[in-house]
Structures are given as C-alpha cells and as structure tokens.
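These notes are about the structure you will find just below.
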Amino acid sequence: MTEEVLTIREMCDAFNVTPRTLRFYESKELLFPIREGQKRLFTRRDRARLKLILRGKRFGFSLEDIRQLLDLYEMGDQQKTQLSETIKLAQQRLEEMQRQRDELGQAISELAEQIGWGEKQLEKARHEDAA
C-alpha cells in the first residue's frame, strides 16, 4: 500500500500557508518532502511536522526550539523525552507570555490615563479660549 502524498499546492491549501513557507521550512530541514524533479510530495510525516511547526510558531517558539523538539521524536522512547522537553519549554513560554500580557496591560492603562489627561487639558484650553 502506498502512502498518500500531497503536492505543494495541496499542502498550501490544507494548512493555509504559501509555497514559499513550505520551501523555507524545507530549507531549514524541518520538512523533508519527496523530490521528483521539480515536484515536491509531502508525506503524512511532513503533514504532522508542519502542524507542529505552525503550532509552535503560533506559541512563539523559535525554529531552533521546534527543530530540537521534532528531532526528539526519533529517540525511540515512546516520545517520553519529546513530551517532557515540550512541556518544559511550553511552561517557560507560558510564563513569558503571561509576563508580556501583564506588561501590556500596564502600558494600556498608562496610555489610557495619558489620553484622559490630554483630553482634559485640551478641554480646559478650549474653555479658556472661549472666555
């Protein structure tokens, strides 16, 4: 039985990415499509890897972090090491994202206060001009 493969166009459609994105991940040795001349054929393994790459990028993992986690799949320990390292990295990233969220919340509050102050100053100046 032959494994179902997808063309670059089918991969783009399935994952809402561009051909350039797929070629970039291939150049970074994150994807390993079968090459038939100029044609690239993506296996089920490539599809699973792309899904994990896109999820990792969405969460802010670096490509190097993603590569290292994907490479751990091959260890043959039923993915225990891969899962353990993924959880550790994900916890670090979550803490970083929460810190960024808190900083952003504080900046939003400060900016809103400054806008309010500016609006009051402008209104005050308008009343003085009218008098």
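Not measured: the values here are computed from a predicted model.
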- What heavy-atom pair brings Val5 and Glu10 nearest, and what distance separates the two atoms? O-OE1, 4.1 Å
- Message: Within the 4.5 Å heavy-atom criterion, are Tyr25 and Lys57 side-chain neighbours or not?
- Response: yes
- Note on the structure: Output for pair (Leu54 CG, Ile66 CD1), nearest 0.5 Å, gives 8.5 Å
- Message: Check this for me: Lys28, atom NZ, are more than 12 non-hydrogen atoms of other residues, nucleotides or ligands nearer than 6.0 Å?
- Response: no
- Message: Working to the nearest 0.5 angstrom, can you tell me the gap between Thr86 OG1 and Asp65 CG?
- Response: 10.0 Å
- Could you walk me through whether Arg9 and Asp13 pass the salt bridge (charged side-chain N to carboxylate O under 4.0 Å, His left out) check? CA-CA 6 Å; Arg9 174 56 36 216; Asp13 292 344; 3.5 Å; yes
- Message: Other residues, nucleotides and ligands only: do more than 12 of their heavy atoms fall within 6.0 Å of CZ on Arg35?
- Response: yes
- Side chains of Arg40 and Ile34 in contact at under 4.5 Å (non-hydrogen atoms): no
- Query: Within a strict 4.5 Å, meaning less than it, do heavy atoms of the Phe24 and Leu31 side chains meet?
  - Reply: no
- Does Arg49 use its side chain to pair, donor to acceptor, with the backbone of Leu30 at less than 3.5 Å? yes
- Message: With clusters defined by side-chain heavy atoms of hydrophobic residues (ILVMFWY) lying less than 4.5 Å apart, directly or transitively, does Phe61 cluster with Leu52?
- Response: yes
- Message: If we ignore hydrogens and angles and just use 3.5 Å, is the side chain of Gln82 paired with the main-chain N or O of Leu69 as donor and acceptor?
- Response: yes
- Hphob cluster co-occupancy, Leu83 + Leu70, side-chain heavy atoms under 4.5 angstrom: no
- Message: Would Glu123 and Lys120 count as a salt bridge (charged side-chain N to carboxylate O under 4.0 Å, His left out) here? Give the steps.
- Response: CA-CA 5 Å; Glu123 187 64 29; Lys120 286 178 186 173; over 6 Å; no
- Query: Just by distance, with hydrogens left out, do Gln92 and Glu96 show a side-chain donor and acceptor under 3.5 Å apart?
  - Reply: no
- Query: Does Arg67 reach the side chain of Glu29, with side-chain heavy atoms less than 4.5 Å apart?
  - Reply: yes
- Task: Answer yes or no: are there more than 12 heavy-atom neighbours, outside Gln78 itself, under 6.0 Å from its atom CD?
- Result: no
- Is atom CD of Glu103 surrounded by more than 12 heavy atoms (other residues, nucleotides or ligands) closer than 6.0 Å? yes
- Item | Verdict with reasoning, Glu110 to Gln106, per side-chain hydrogen bond (donor to acceptor under 3.5 Å, both in side chains) | CA-CA 6 Å; Glu110 290 173 15; Gln106 185 176 352; 3.2 Å; yes
- Using a distance-only test with no angle check, is there a side-chain donor-acceptor pair under 3.5 angstrom linking Glu95 and Gln91? no
- Check: Cys12 and Leu22 side chains under 4.5 Å, non-hydrogen atoms: yes
- Query: Does CZ in Arg99 sit with more than 12 non-hydrogen atoms of other residues, nucleotides or ligands closer than 6.0 Å?
  - Reply: yes
- Task: Mark yes or no for whether Asp46, through its side chain, and Phe32, through its backbone, hold a donor-acceptor pair below 3.5 Å.
- Result: yes
- Query: When you measure from the side chain of Ser84 to the backbone N and O of Lys80, does any donor-acceptor pair fall under 3.5 Å?
  - Reply: no
- Message: Testing the basics here: between Phe59 and Met97, what is the closest heavy-atom pair and its distance to 0.1 Å?
- Response: O-SD, 3.8 Å
- Query: Does Asn16 CG have over 12 foreign heavy atoms under 6.0 Å away?
  - Reply: no
- Message: For the CD atom of Gln114 and the CD atom of Gln121, what is their distance to the nearest 0.5 Å?
- Response: 10.5 Å
- Distance, nearest 0.5 Å, that separates CZ of Arg93 from CD of Gln98: 11.0 Å
- Message: Quick check: do Met11 and Thr7 have side-chain heavy atoms less than 4.5 Å from each other?
- Response: no
- If you count the non-hydrogen atoms of other residues, nucleotides and ligands that lie under 6.0 Å from CZ in Arg55, is the total more than 12? no
- Shared ILVMFWY cluster between Leu89 and Tyr73, side chains joined below 4.5 angstrom? no
- Check whether any side-chain heavy atom of Arg23 sits under 4.5 Å from a side-chain heavy atom of Ile8, and report yes or no. yes
